[in-house]
Amino acid sequence: MKSNYDVLVVGGGPAGALAAKTAAEAGNSVCLIEKRAAIGTPVRCAEGIGKELLKEYIRPDPRWISADIERARIIVPNGTAISLDQDRAGNEVGYVLDRKVFDRELVWQAAEAGADVFVKTRATGPIMENGAVRGAKVISTGTPAEIRAEVVLAADGTEAQFARRAGLDTTVPLREMMSCAQYLMTDIDIEAGSTDFYLGNEIAPEGYLWVFPKGDRTANVGIGITGRKSKDGSRAKDYLDRFVAKNFPNGKTIEAIVGGVPVCRPLPCTVADGLMVIGDAARVVDPITGGGIGNALYTGRLAAQVASTCIEAGNCSKEALMPYDTEWRVSRMGKGIERNYKVKEYFITLDDAKLNTLADSIASISFSEFSVSALIKELIKRNPKLLFELKALKDTLA
């Protein structure tokens with residue numbers, strides 16, 4: 001491990017890996033550190049991503065694609081299912097990945113581009129000089145060290161410890177931190193070509209439950225509920241266990257994970273002097289679906305591009321790095337996060353009866369192109385009794 005690099009990336013997930021690759025391809029010296037002993041483990045998401053979105057960043061490879069998905073279904077408490085084919089179902093439908101292989105592939109590509117990679121290396125805090133980040137203090141396989149860099153890219157996920165230690169407020173309100181649990185199950189009866197989302201206050205209060213196929217009779221079965229709904233006797237795992245007992249009583253669980261996913265607005269600012277925050281650490285998870293792979297890839301690549309320009313110009317101040325923060329906010333991704341946050345805030349207030357009414361009103365519609373705005377327009381048209389509520393929602397999306 002060298003003591004000086006142009007770019008230091010903290011975290012080896014999709015955001016960090018693509019950032020390291022992009023920065024190295026631009027001619028920078030790059031170091032990527034990952035606190036865990038192996039890239040890609042443990043898996044901490046449902047592993048879904050849209051096909052076209054993925055292709056913007058990497059060529060799909062059968063080695064890390066577990067399932068090719070044809071449609072998504074949204075299932076409400078009375079059993080009504082809204083079916084959306086893959087062309088209209090958004091960025092969480094298309095492929096279900098094998099993140100253990102996918103994440104390693106991204107890091108291998110970063111290494112091939114010239115980045116140095118170190119696992120079991122944890123950043124304990126930033127190196128600060130005159131209020132600016134100048135690298136990180138680390139412990140690598142038990143040995144303390146310092147890595148100095150012109151720019152540090154914080155890609156350390158939901159915990160976002162590095163940015164917090166550098167002085168950024170990365171707090172997530174309890175009600176906006178999803179408490180999640182997921183089982184990888186086999187020997188279960190599923191529709192192999194469909195990702196299913198279950199809604200309802202008895203199933204997943206202020207959240208949803210998902211079944212994402214990963215092959216023949218195998219799927220990620222998981223749930224996310226808001227932190228304020230996760231209490232003794234009603235934890236995410238308890239809701240998941242009840243669903244599994246009812247729907248997959250003979251299934252076999254071969255992996256189990258728990259964790260948190262932020263569904264809040266992004267950080268107020270994702271740059272500081274010598275620092276850029278990317279991926280889940282920047283809170284750019286989709287507030288409706290909780291999906292973050294595509295947004296992580298986008299912010300990782302963009303941050304590396306901006307960092308490379310600033311390094312070449314010899315100016316890595318907050319002001320110089322600010323184009324990263326500005327650009328992602330006005331992008332399709334940034335606008336989509338803000339829109340979906342407002343939609344999420346409305347839908348978590350609905351009781352099961354309203355969910356059923358809304359779903360029943362649009363279940364038979366064949367959308368020429370599915371979008372949130374198209375959905376709201378149809379809901380308004382078909383639910384005059386809810387016109388005031390839905391009109392208010394529509395106005396917030398303008």
Side-chain angles (χ1 to χ4, degrees), residues 11 13-19 42-50 53-54 57 72 90-94 96-97 99 102-103 153-164 168-182 195 197 204 206-210 212 220 222-227 230 236 257-270 276-303 324-325 328-329 331-345 347-348 372:
L18 188 58
V43 173
R44 301 178 69 186
C45 80
E47 304 178 283
I49 187 172
L53 179 61
L54 179 68
Y57 305 100
N91 287 332
E92 306 314 313
V93 176
V96 177
L97 307 178
R99 285 288 302 274
F102 175 72
D103 286 21
L153 303 184
D156 51 342
T158 298
E159 294 86 354
Q161 292 184 2
F162 191 88
R164 181 166 61 252
L168 277 66
D169 184 2
T170 61
T171 304
V172 179
L174 177 61
R175 63 175 293 272
E176 296 188 324
M177 176 63 80
M178 300 295 286
S179 176
C180 301
Q182 177 175 276
T195 54
F197 300 83
E206 297 188 356
Y208 71 92
L209 187 147
W210 62 86
F212 279 21
N220 286 330
I223 189 173
I225 64 175
T226 60
S230 181
I257 57 172
V258 295
V261 175
V263 289
C264 55
R265 282 188 166 101
L267 297 184
C269 186
T270 52
M276 310 172 85
V277 191
I278 60 179
D280 288 6
R283 312 298 185 222
V284 293
V285 170
D286 186 303
I288 291 180
T289 67
I293 300 173
N295 293 352
L297 293 169
Y298 173 77
T299 54
R301 183 172 68 182
L302 176 61
Y324 159 69
D325 188 89
W328 75 251
R329 289 183 195 276
S331 70
R332 182 176 60 182
M333 181 203 81
K335 293 177 179 178
I337 289 173
E338 178 60 21
R339 177 200 66 206
N340 288 359
Y341 177 82
K342 294 173 181 176
V343 174
K344 181 265 296 186
E345 287 293 284
F347 274 96
I348 65 173
V372 172

Exercise. Yes or no on side chain to side chain contact (heavy atoms under 4.5 Å, CB included) for M333 and I337, after CA distance, side-chain angles and deciding distance?
Worked result: CA-CA 6 Å; M333 181 203 81; I337 289 173; 4.1 Å; yes
Problem set entry | Pairing residues for T226 by the side chain to side chain donor-acceptor pair (under 3.5 Å) criterion, not counting sequence neighbours | E206
For this session: Working to the nearest 0.5 Å, report the span between SG of C264 and CE of M177.
Result: 7.0 Å
For this session: Only counting residues at least two apart or in another chain, list the ones meeting salt bridge (Lys or Arg N to Asp or Glu O under 4.0 Å) with R265.
Result: E338
For this session: State the CG-CZ distance between N295 and R283, to the nearest 0.5 angstrom.
Result: 14.0 Å
Seminar exercise, completed: Here the gap from E159 atom CD to T170 atom OG1, rounded to the nearest 0.5 Å, amounts to 10.0 Å
Problem set entry | side chain to side chain contact (heavy atoms under 4.5 Å, CB included) partners of A303, counting only residues at least two apart | L153, M276, I278, Y324
For this session: Check whether any side-chain heavy atom of P14 sits under 4.5 Å from a side-chain heavy atom of Y57, and report yes or no.
Result: no
Exercise. Under the salt bridge (Lys or Arg N to Asp or Glu O under 4.0 Å) test, which residues partner R99, sequence neighbours left out?
Worked result: D103
Problem set entry | Mutual orientation of the aromatic rings belonging to F197 and Y208 [parallel < 30°, tilted 30-60°, perpendicular > 60°] | tilted
For this session: Measure across R329 and T270 and return the closest heavy-atom pair with its distance rounded to 0.1 Å.
Result: NH2-N, 4.2 Å
For this session: Assess whether side chain to side chain contact (heavy atoms under 4.5 Å, CB included) is satisfied between F102 and L54, documenting all intermediate values.
Result: CA-CA 11 Å; F102 175 72; L54 179 68; 3.9 Å; yes
Problem set entry | For G279 against T299, the heavy-atom pair lying closest together | N-OG1, 3.0 Å
Problem set entry | Shortest non-hydrogen separation from G224 to C180 and the atoms involved | CA-SG, 3.9 Å
For this session: Provide the closest heavy-atom pair for G294 versus L53 in the form atom of the first, atom of the second, distance.
Result: CA-CD2, 3.6 Å
Exercise. Under the side chain to side chain contact (heavy atoms under 4.5 Å, CB included) test, which residues partner D280, sequence neighbours left out?
Worked result: T158, V285
Problem set entry | Partners meeting ring pair (Phe, Tyr, Trp, His ring centres under 6.0 Å) with F162 (sequence neighbours left out) | none
Problem set entry | side chain to side chain donor-acceptor pair (under 3.5 Å) partners for S179, two or more places apart | none
Exercise. Looking only at heavy atoms, what is the nearest atom pair of T171 and D169, with distance?
Worked result: OG1-OD1, 2.8 Å
For this session: First locate atom CG of L302, then atom CG of L18, and finally report the distance between them rounded to the nearest 0.5 Å.
Result: 10.5 Å
For this session: Go through the structure and list residues passing side chain to side chain donor-acceptor pair (under 3.5 Å) with Y341, not counting sequence neighbours.
Result: E176
Exercise. Taking the side chain from T195 and the backbone from F212, do they hold a donor-acceptor pair closer than 3.5 Å?
Worked result: no
Problem set entry | N340 side chain to D286 backbone, donor-acceptor under 3.5 Å | no
For this session: Heavy atoms only: give me the nearest I348-R175 pair and the separation to one decimal.
Result: CD1-NH2, 3.4 Å
